Amino acid sequence: MKVSVVGLGYIGLPTSLTMACAGLEVVGIDYNKELVKSLNEGKVTFEEKGLRELFDEAIKTKNIKFVSEYQKSDIYIVSVPTPYDKFSKKIDCSYVVNAIKEVLKICDDETIVVIESTVSPGTIEKEIKPLINKKVYLAHAPERIIPGNMMYELKHNSRTIGADNKEIGEKIANIYRKTTDGEVIVTDIKTAEMTKVVENTFRAVNIALSNELAKICSHDNMDVYEIIKICNMHPRVNLLNPGPGVGGHCISVDPWFLVGDYPMLTKVIGAAMKVNDSMPSFVLKRISKIMEENGLSDYKRVGLYGLTYKENVDDFRESPTLQLLESQKDHLAEGLKVYDPYIKKDVIKNQYHDLDEFLNSVDLVVIMVKHDEIKNNWDKIKNKIIFDTQNIFNGEKIYHL
Ligand SMILES: NC(=O)c1ccc[n+]([C@@H]2O[C@H](COP(=O)([O-])OP(=O)(O)OC[C@H]3O[C@@H](n4cnc5c(N)ncnc54)[C@H](O)[C@@H]3O)[C@@H](O)[C@H]2O)c1
């Protein structure tokens, strides 16, 4: 059975490799020719623990090839981006639509098309089904893996398969059972679409609660971390950690789909997303206050540590640091310096690529991301003024959210 994985990004690449290692004949398709070239030269295209090993193992099986032209296959797995429209908050499913149109140009009847991309409930019915001009079966298999622990989660997470035809659902479930030892559940398409969006909404709303608590505590001089620690000793309370904002392409995006589609029914979700989105500006205000307290007036002496949206990964899409830099409407804080060990290219102004150089150029270090590197370099920053938005260090002169 030949499986084509369309879109070889953070989700598609590890998915295609895992499938090849499970014994399936896999074609990885991406319209980005440079990316395909890199993969064919044996280069992995992003940093992720265990990805290099999985890549080498998959290549050894000879079950996989990477191409930019669509090829005939029995099954297509579509893992292309699904952003949202910043104005309407609705899903932008144009990438999925375009990928499906390409598949339909070449596929035969009886082909199965599985959409792994996250989509809002009803998207497949409303946007994809009308495109279908052949006897093609549609299914949805939303992906749940977390960057930083993708390899483990690909092999152990449970999966949801949505299909309106039970037999097709079971066929797809059996393929995923080859790659994961987690439970694989078959349901209908709309339910599967909704579960994925709800999972990320659950996370977003809970993070927002902690972020709001951080603001209340900061306003009235209480220690939010001590409060959360004590509250979590209650048997039915499990507060998450507050942070400088929410980034990436899942938790900061997917809940907006519901707000866009059900604006009158999403008061809690909409408010939660706004709280999370307000955190980078809140951090910036705190930076100004900390500077004032310490007699600093030059933003050029302030450094943001971390540019990615979470620790130990190289994905900086929609990251809190980027949001913070974009939120300086008056350009007051324009000189802020930035460093991230995972971002090797220059992607923003005042970016450093060496930790020592970065630290030598600033007096106040704002820890935006808890990369292992900074945890292991306490000695290098201990003499700086530290604003630790991730609560990894404690002690006098260390500011927290
Ligand atoms: N990144 C995550 O952590 C994560 C986790 C769970 C679910 N998801 C979901 O998975 C989907 C993919 O996300 P991602 O992070 O892998 O995206 P990505 O941007 O890393 O990769 C998408 C890839 O698709 C390619 N592409 C786009 N349109 C194409 C087309 N028509 N034909 C061929 N290739 C095409 C792009 O060139 C790119 O390489 C999204 O819906 C996302 O919400 C992502």
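It should be emphasised that the depicted structure is a prediction, and the values quoted were computed from it without experimental measurement. Order of appearance sets the numbers: ligands from 1, and atoms from 1 within every ligand.
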Trainee: Check the side chains of Asp340 and His371 for a donor-acceptor pair under 3.5 angstrom, ignoring hydrogens and angles.
Mentor: yes
Trainee: I'd like the residue list for ligand 1, meaning every protein residue with a non-hydrogen atom under 4.0 Å from the ligand.
Mentor: Val6, Gly7, Leu8, Gly9, Tyr10, Ile11, Asp30, Tyr31, Asn32, Leu35, Tyr70, Ser79, Val80, Pro81, Thr82, Tyr95, Ala99, Ser117, Thr118, Glu143, Ile145, Pro147, Lys196, His249, Cys250, Arg317
Trainee: Would you tell me whether Asn294 and Tyr399 have side-chain atoms, one donor and one acceptor, within less than 3.5 Å of each other?
Mentor: yes
Trainee: Within 45° of the ring axis of Tyr309 and under 6.0 Å from its six-membered ring centre, is that where the NZ or CZ of Arg317 lies?
Mentor: no
Trainee: Once the angle between the rings of Phe55 and Phe66 is folded into 0 to 90°, is it parallel (under 30°), tilted (30 to 60°) or perpendicular (over 60°)?
Mentor: parallel
Trainee: Quick one: do the Tyr305 and Glu373 side chains pair a donor with an acceptor below 3.5 Å?
Mentor: yes
Trainee: Using only heavy-atom distances, determine whether the side chains of Thr18 and Thr15 contain a donor-acceptor pair under 3.5 Å.
Mentor: no
